[in-house]
Amino acid sequence: MKRFRSIHYSMFFVLAALTPTFIACGDSFEPVPELLGSWNATSLVVDGSDLMDAGMTLRFTFSDDGGYTYTVAGDQLDFCDPGPNCSDGGDYTATTSQVTFDPGTDDEETYSYTIAGNTLVITTTIGGSTFTFTFQR
């Protein structure tokens, strides 16, 4: 994930999870079916302002082989360096309430999430700012 390049906020998916699962090298990857597939951000509210209204788009795709990709357009959070558009990816592990991006690397980040039907929601506080992400399939 390369920390979303020069991100000023250590962004995405951080709440408390009851039982995180970390998969070490050599362990088999077990996908979480509810998380698999592509998720398009429909709302990205930071301290009351929706960055999707400002023209930003964000899409995450989780595959069943433990890989993820993301694409950002009209960047409003300094995800992309340089420019307003970028894409990247890496490996992930997940439980039904938590996802760890780039496990076992310096870029490892773990975030909690909820899924209800076709809606994925993440709410967290980073650096004093409240982030609420809503994604749809």
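- Hydrophobic clustering of Ile, Leu, Val, Met, Phe, Trp and Tyr side chains at less than 4.5 Å, counting indirect connections, keeps Val45 apart from Phe133.
- Legend: residues meeting side chain to side chain contact (heavy atoms under 4.5 Å, CB included) with Asp47, ordered by chain and number and at least two apart, are Ser129, Thr130.
- Contacts of Thr42 classified as side chain to side chain donor-acceptor pair (under 3.5 Å), with partners at least two apart in sequence or in another chain: none.
- Every residue meeting the side chain to side chain contact (heavy atoms under 4.5 Å, CB included) condition with Leu36, not counting sequence neighbours, appears here in chain and number order: Pro31, Asp64, Tyr92.
- Side-chain atoms of Asp88 and Tyr68 form no donor-acceptor pair, as typed in the model, at a separation below 3.5 Å.
- Here Thr71 pairs with nothing under the side chain to side chain donor-acceptor pair (under 3.5 Å) rule; sequence neighbours left out.
- Counted by atom type alone, Ser63 and Asp65 present one or more donor-acceptor pairs between their side chains at under 3.5 Å.
- Interatomic distance, Thr132 OG1 to Leu44 CG, rounded to the nearest 0.5 Å: 9.0 Å.
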Identify every side-chain donor-acceptor pair in residues 51-61 under 3.5 Å, counting partners at least two apart or on other chains, and give the distances.
| residue | atom | partner | partner atom | Å |
| --- | --- | --- | --- | --- |
| Arg59 | NH1 | Asn40 | OD1 | 3.0 |
| Arg59 | NH2 | Ser38 | OG | 3.0 |
| Thr61 | OG1 | Ser38 | OG | 2.8 |

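- In terms of heavy-atom proximity, Leu77 sits nearest to Phe131 at CD1-CE2, 4.1 Å.
- Residues Gly74 and Asn85 share a closest heavy-atom pair of N-OD1, 3.0 Å.
- Here the closest non-hydrogen pair linking Tyr113 and Thr95 is OH-O, 2.6 Å.
- Looking at every heavy atom in both residues, Gly90 comes nearest to Asp102 through CA-OD1, 3.7 Å.
- Closest approach of Thr93 and Pro103 over heavy atoms only: CG2-CG, 3.9 Å.
- Cluster annotation: Tyr70 is connected to Val46 through the hydrophobic network of ILVMFWY side chains, with a link wherever side-chain heavy atoms come within less than 4.5 Å.
- Between Phe135 and Asn118 there is no side-chain heavy-atom pair separated by less than 4.5 Å.
- With sequence neighbours left out, the side chain to side chain contact (heavy atoms under 4.5 Å, CB included) criterion links Thr119 to Val121, Thr134, Gln136.
- Taken to the nearest 0.5 Å, the CD1 atom of Ile115 stands 9.0 Å off from the OG1 atom of Thr96.
- When side chains are defined from C-beta on, Trp39 counts as touching Phe62, because their heavy atoms get closer than 4.5 Å.
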